[in-house]
Amino acid sequence: MSFPERLDPTQKNFGSTVIDASDVNGTTGVNVHDLLVNPDGDLEADHGYLDLDTNTLLETAKATLR
């Protein structure tokens, strides 16, 4: 049995949308590689990809509306 060659999800031919995980436009940057780390949005705590006030949450919402 053979498996197809893996594709890099960041390459254009994969068809993905790159989402910025840094802090922009007054949002908080992600510093933990988990989805939900800080459900209360505490600015002093760690932040995962889908926590309140993160740029990744904002960008994910934008991508789902396209």
Asn55: side-chain hydrogen bond (donor to acceptor under 3.5 Å, both in side chains) partners, not counting sequence neighbours: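 Result, side-chain hydrogen bond (donor to acceptor under 3.5 Å, both in side chains) vs Asn55: none returned.
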Set of side-chain hydrogen bond (donor to acceptor under 3.5 Å, both in side chains) partners for Asn31, sequence neighbours left out: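 Testing Asn31 for side-chain hydrogen bond (donor to acceptor under 3.5 Å, both in side chains), a comparison that skips the adjacent residues, returns Asp46.
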Spacing of CG belonging to Leu57 relative to NZ belonging to Lys62, to within rounding of 0.5 Å: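 Going from the CG atom of Leu57 to the NZ atom of Lys62 covers 11.5 Å.
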Euclidean distance, Asp51 CG relative to Thr56 OG1, rounded to 0.5 Å: 8.0 Å
Hydrophobic cluster membership, Leu52 vs Val37, 4.5 Å side-chain cutoff: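 As far as the 4.5 Å side-chain criterion goes, Val37 and Leu52 are not connected within one cluster.
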Close side-chain approach of Leu43 and Thr28, heavy atoms under 4.5 Å: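 Side-chain contact under 4.5 Å: yes.
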Gly48 to Thr54 - nearest heavy-atom pair and separation: O-CG2, 3.6 Å
Result of checking Asp34, Leu35, Leu36 against Val32 for side chain to side chain contact (heavy atoms under 4.5 Å, CB included): Asp34
